[in-house]
There are 2 protein chains.
Amino acid sequence: MMKKQSYKVDILSVAKVAGVSAATVSRVMNHPELVNPTTLKKVERAIRKTGYVRNRAAQMIHGRRSATLGLVVPTVNYSIFAELVQSFNDTVADLGFTLVLATHGYDLTAEYKVLRKLLEHRVDGIALVGLDHSDDTYRLLASQDVPVVAAWSYSRSSRISCIGSDNREAGRLAADHLLALGHRRIGLVFPPTHENDRARGRLEAVELALHGAGIEIPDAWRVRSPYSVAHAKSVCHDLLRAHEGITGLICGNDIIAQGALSSAMQLGLRIPQDLSIVGIGDFAGSADMYPALSTVQIPAQQIGMQAGEYLVACIAHSDPQEIVRQKIKVDLKPRATTGPAVSG
Amino acid sequence: MMKKQSYKVDILSVAKVAGVSAATVSRVMNHPELVNPTTLKKVERAIRKTGYVRNRAAQMIHGRRSATLGLVVPTVNYSIFAELVQSFNDTVADLGFTLVLATHGYDLTAEYKVLRKLLEHRVDGIALVGLDHSDDTYRLLASQDVPVVAAWSYSRSSRISCIGSDNREAGRLAADHLLALGHRRIGLVFPPTHENDRARGRLEAVELALHGAGIEIPDAWRVRSPYSVAHAKSVCHDLLRAHEGITGLICGNDIIAQGALSSAMQLGLRIPQDLSIVGIGDFAGSADMYPALSTVQIPAQQIGMQAGEYLVACIAHSDPQEIVRQKIKVDLKPRATTGPAVSG
DNA sequence: AACAGTATTGCAAACGTTTTCATAAAATCA
DNA sequence: TGATTTTATGAAAACGTTTGCAATACTGTT
């Protein structure tokens, strides 16, 4: 019954078909309680007949909300931010919002550009990952009065609202875990910390904890790897081959840990007897790997949900934007990849 | 230099600051070659000073494109569609489009609803996953004249354009691989195939191949698992415990295979000596697991890229929408989780 | 100096909605 | 029955852009 040739079906064509005015059609869609049941039926039939789909752009131009929310993540590769994206999306979709997604590949200049695009589309709110952003970005956000939240990271002095975990605490937990198990010869596998407050916070805290325990790590035991299983596997392979004394590995996140684990097993190391590995993140699947990955949980799902709820609440109240800072608890999940150090 | 209190900075306020008309400001943004260099500078300064961000909704209402593309995937959990989303996004972002993402959790009724939302936002093109969609969905797509592509699946008789792989072929490759290695006692771990043409095609082809080899599989060896590592691990655990004769497992995708692998190792089975496992998908990370997962590659990255390019091309040409069907080659990746069957 | 041609700009209409206001019809009440 | 309230509807203005057309200001030519 739907028109095949619906070149341009707007509210007016529907009105014509239904024999009413455009205003009435609009009311049917937005305030159905105001229109006579008989007319309502008539109009609804016309809507179905014409295949009318309402034009958000046109209604947005009237000062209405766009009903979209922007989410900017570094990447959607692997499952690093998968749970965050999914739970954020589920949360806001239930509340009537559509997700506009952008990625920047850990490049804050790129982030600024995609942010601008989101603002051009007049998203009703914005969620970013972390607290490292360019000055341009912060300025832009300050100049627009759109609700913003930094997900994933927590800092009590953030310039914008944040809902996330304390990455330093996460790093400390990971380090303390290995220390408590008696490890003293520990390798560090982290991504570049430039423009990445999550990685930086974790690494700094790890170094601090190790230092506090009187441990000095040779530079050769600190290696870089981007968040890629293959890359991490390769650098860990080299590291473990060259420095057999290492009994523990602290990884920047679970993806790196996964690569580390893979390389270790390939080298014939027994986990955790010969080598302990701890990750950070507790991504989907980490608990069900074999051996199950010891890691520090960052409750991505909860963060995504709360970030979504926060933005929607801001929008609903048109609040005078008070900065909110919410710390989501991190939690050590000791599993099968860590065990007592055997004295070397 | 940016206004803090930018209540409503529209093209007119910029015009006022620059001392020109709104038309000129518009031209600066859209056809800078038409405006006098001096004026251009003046206007650009005013834009910066006011912190103006152009309103896509308002320009869209003029028949211009929204510069957004809709992507509907079942889920963003795990890395199932991660590569697809990422490469689609990268491709279209480079071409000036912003991604509007929606998920439906493998529920085609939900899919229809999110699709409507995307159309309300007047996305310039739409990419869906697979070819199973509700009649409502197909009708809606036919009634709007927006470019559409079904990514991931290929069928020579699809109702809409498709760019993807032949899932039957993928299933056949997986089955033939185990058969060639001499396996005859094979377990099948697949998700529900209702409303999921990818899973259905794979499973049907697997059953056909096994049947063709004269193998009858007891019903107890066919188990269901959603695409979740934890769930797959649990059902595989039960399956492998109850039926020790099984020498090979064909999994609906790599996520299930990951769970299967984990459960098998936990049970102390040697891979591949005691049990061979083959997945489908070759997700990011599958090659770098330990042991490396044997699987059938579905080139997600290529699919995402080509789907993006196809949509953008449609939009650019405003073509009379000829249906395009592109088959992306699947490829068996025999790795470490499969080996010759030992006669039981 | 008059003219034609070109470059630059502004005016105003248009896009598809929502919403205020006014009006007409119906229902209620005395 | 007439007055009053309630309900249902339409006309038109408004939103922030883009763009066709007209107007003006230059340029160069004779």
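Just so we're clear, the structure is a prediction, and the values are computed from it rather than from any experiment. Here is how names work: the chains are called A, B, and so on, in the same order as the sequence lines, proteins then strands, and each is numbered from 1.
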Do any side-chain atoms of residues 90-101 of chain A form donor-acceptor pairs under 3.5 angstrom with protein atoms, and if so which ones, sequence neighbours left out?
from     : atom 1 : to       : atom 2 : distance (Å)
Asp90(A) : OD1    : Gln86(A) : NE2    : 3.0
Asp90(A) : OD2    : Gln86(A) : NE2    : 3.4
Thr91(A) : OG1    : Ser87(A) : O      : 2.6

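One can place NE2 of His62(B) at 10 Å from P of dT17(D), the figure rounded to the nearest angstrom. Between Arg27(A) atom CZ and dA11(D) atom C1' the separation is 11 Å, expressed in whole Å. Here the P atom of nucleotide dA14(D) and the CG atom of Asp10(B) are 15 Å apart, to the nearest Å. For the pair Ile61(A) CD1 and dA13(D) P, the interatomic distance rounds to 17 Å; values are reported in whole Å.
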What's touching nucleotides 5-8 of chain D from the protein side, N or O pairs under 3.5 Å?
none

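Taking five base pairs at each end of the helix from dA1(C)-dT30(D) to dA30(C)-dT1(D), the local helix axes there meet at an angle of 40°, rounded to 10°.
Under the salt bridge (Lys or Arg N to Asp or Glu O under 4.0 Å) criterion, Arg65(B) pairs with Asp124(B), not counting sequence neighbours. The side-chain contact (heavy atoms from CB on, under 4.5 Å) search around Ser165(A) returns Ile298(A), Pro299(A), Ile303(A), Ile328(A), Val330(A), not counting sequence neighbours.
In this structure, the separation between CZ on Phe81(B) and OG1 on Thr103(B) is 11.0 Å, given to the nearest 0.5 Å.
Counting 5' to 3', DNA chain C first comes under 4.0 angstrom of a heavy atom of chain A and last does so at the ends given by dG16(C) to dT20(C).
Using a 4.5 Å cut-off on side-chain heavy atoms (C-beta onward), Glu120(A) and Asn55(B) make no contact. Contact check for Trp152(B) versus Leu131(B): no side-chain heavy atoms found under the 4.5 Å cut-off. Contact check for Leu108(A) versus Thr137(A): no side-chain heavy atoms found under the 4.5 Å cut-off.
Distances shown here put every side-chain N or O of Ser26(B) at or beyond 4.0 Å from the OP1 or OP2 atom of dT17(D). At the phosphate of dT18(D), neither OP1 nor OP2 sits under 4.0 Å from any side-chain N or O atom of His31(B).
No contact: Arg56(A) has no heavy atom under 4.0 Å from any strand.
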Practice item. Start with the C-alpha gap between Tyr78(A) and Tyr78(B), add the side-chain angles, then the distance that decides, and say whether ring-ring contact (aromatic ring centres under 6.0 Å, His included) holds. Key: CA-CA 7 Å; Tyr78(A) 299 105; Tyr78(B) 300 106; over 10 Å; no
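Remark on DNA chain D: of its neighbouring residues Ala23(B) and Asn55(B), the 5'-side contact belongs to Asn55(B), judged by nearest-heavy-atom nucleotide.
Using a distance-only test at 3.5 Å, with no hydrogens or angles considered, a donor-acceptor pair links the side chain of His104(B) to the main chain of Asp107(B).
With hydrogens and angles left out, the side-chain atoms of Thr38(B) and Asn36(B) include a donor and acceptor closer than 3.5 Å. There is no side-chain donor-acceptor pair under 3.5 Å between Arg325(A) and Ser161(A).
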